[in-house]
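Everything below concerns the one structure shown next.
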Protein chains: 2
Amino acid sequence: MDQPADSNASDSEDGAIRRRLPPAERRQQIVDVAVRFFAEVGLDGKTRELAKRLGVTQSLLFNYFATKDDLIEAVYEKVYIGRLSPDWPERLSDRDVPLRDRLIAFYSEYSALIFEREWMRIFMFSGLAGASLNHRYLKHLGDVILRPILAETDALARGDTRPTMEDVWNLHGGIVYIGIRQHIYRMPAPEHPEDEIARAIAKYLQFFEIELEN
Amino acid sequence: MDQPADSNASDSEDGAIRRRLPPAERRQQIVDVAVRFFAEVGLDGKTRELAKRLGVTQSLLFNYFATKDDLIEAVYEKVYIGRLSPDWPERLSDRDVPLRDRLIAFYSEYSALIFEREWMRIFMFSGLAGASLNHRYLKHLGDVILRPILAETDALARGDTRPTMEDVWNLHGGIVYIGIRQHIYRMPAPEHPEDEIARAIAKYLQFFEIELEN
DNA sequence: AATTCTGTTGATCAATTGATCTTTTAATCC
DNA sequence: GGATTAAAAGATCAATTGATCAACAGAATT
């Protein structure tokens, strides 16, 4: 029932037994499972249940993380790290490409990253808990993504109403809310989020009378 | 320090001592404080800390609620009940008033209700916990508010792109996201949310080429 | 094959937590 | 003013929880 009698216990790609992993690998495995676990049940999830999911003793966790908070910190980092690739500021500012295309390119890629249950929920849990990483992330997002979007919009806006930072937050929020509905509230998702993203962007650009070719 | 020696301990409007309240009043007081408490620390907040805030013994809570879950259920109800006044469907459908005015009226009133820390956070906590009240609320919102908005928009839209339910969710999400930023992520809020709401609505209507007077 | 090394287990601790129950005491009734 | 009622306190239970530590066992080394 448990596992075929494989004399060598430490292989079997994603099997169950494999005891005695090298530390780096075990640590990574713990963090991977912890991300899914805490994303599902919240940061108050119990170490014993996490250990059960890992097929491992609860005490083993404390060989790799001094405290539960340390483990959660590792979960944060695993989830937050690399979520915003560093070349987006310049790609968003590349005026050889129409702004609409830049925005669609960004939000298509970005939404593929964040419309993901683990990210979305851990981001929300950590936000509610007031985690500093959350604040830093949002500040970074504002500085590095939304502010350039505002600058580009402002450069192209033709109407008499100038775009503001709040306009960009509104665009952003409307898009992110798709993921919130799906993963936080577990409501049915739109079939083609890309289409909704494109529409949101069109709405945004049209408001400032920015033509498609600019 | 604690309280002037008021021989009758049970008055003093919002003072500290007043022991021995009538049950209905005590129950209400517990729920009121519990709403603020759980909104702040999450639904895993401990009964002992809640009791301390009430200036009451922990065991007293269980004289009014059989279990902690019962208390949380009471918190849900207190927070959810009456959040959507029942006359909005017709007010949103009153074509004697320009759609823009109807939308602004609704979202001004609605945002005043939901841009509130307790509501926003408990809604999010309960959403993450998968509470059924949360699902019911969102379904209700969709049926009773967003669907009429869609119908009204569709009746007035002049362009060749027809509005969809996702467009309405996008409008809604963009507005709600203001509150999420403020109360979940604790970011600085826009000074005049009403202005941002009006702008979001303008964006929405303009996309479907709906004039201000319609 | 024996030895060493270390990843992992199992037992256990102390603090915490939801919940129960007896006792106390403030308010009401006669 | 003393008796009665029930709201609240206080003590306590059993289960849970994060964390510790000695003992075990799988793999590498010699």
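Residue numbers begin at 1 in each chain, while the letters A, B, ... track the order of the sequences.
With D:dA8, C:dG18, C:dG10 as the choices, the nucleotide that has an atom nearest any side-chain atom of B:Arg26 turns out to be D:dA8. In this structure, the nucleotide among C:dT6, C:dG18, D:dA7 sitting nearest to the side chain of A:Arg20 is C:dT6. Between D:dA19, C:dG18, D:dC21, one nucleotide has an atom nearer to the side chain of A:Ser59 than all others, and that is D:dC21. You'll find that the side chain of A:Phe62 is closest to D:dG18, out of C:dG18, D:dG18, C:dT9. The side chain of B:Tyr64 lies closest to D:dA7, out of C:dA19, D:dA9, D:dA7. If you check C:dT8, D:dA19, C:dA19 against the side chain of B:Gln58, the one that comes closest is C:dA19.
Under the 3.5 Å distance criterion, with hydrogens and angles disregarded, a donor-acceptor pair is assigned to the side chains of B:Thr47 and B:Gln58. If you check the side chains of B:Trp169 and A:Glu196, you find no donor sitting under 3.5 Å from an acceptor.
Taking the six-membered ring where tryptophan is involved, the planes of B:His172 and B:Tyr107 are tilted, since the angle between them lies from 30° to 60°.
Rounded to whole Å, atom P of C:dA15 lies 19 Å from atom NZ of A:Lys68. The separation between B:Lys46 atom NZ and D:dA15 atom C1' is 14 Å, rounded to whole Å. Per the geometry, CG belonging to B:Leu60 stands 15 Å off P belonging to C:dA26, to the nearest Å. As a whole-Å value, the separation of B:Leu50 CG from C:dT17 C1' is 14 Å. Taking atom CG of B:Asp44 as the reference point, atom C1' of D:dG18 lies 15 Å away to the nearest angstrom. In this structure, A:Ile72 places its CD1 atom 13 Å from C1' of D:dT17, rounding to the nearest Å. In this structure, the CG atom of B:Asn63 is 14 Å from the P atom of D:dG10, given to the nearest Å. Between the CZ atom of A:Phe65 and the P atom of C:dT8 there is a distance of 13 Å, rounded to whole Å.
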Run the salt bridge (charged side-chain N to carboxylate O under 4.0 Å, His left out) check on B:Arg102 and B:Glu152 step by step: do they pass? CA-CA 10 Å; B:Arg102 287 178 261 163; B:Glu152 296 306 302; 2.8 Å; yes
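When heavy atoms are screened at a 4.0 angstrom cut-off, A:Pro22 is found touching no nucleic acid atom at all.
In this model, the phosphate group of C:dG18 is approached by a side-chain N or O of B:Thr47 to a distance below 4.0 Å at OP1 or OP2.
The line from CG of B:Leu71 to CG of B:Leu61 is 6.5 Å long, rounded to the nearest 0.5 Å.
One donor-acceptor pair, N or O on each side, does fall under 3.5 Å between the base of D:dG18 and the side chain of A:Arg48.
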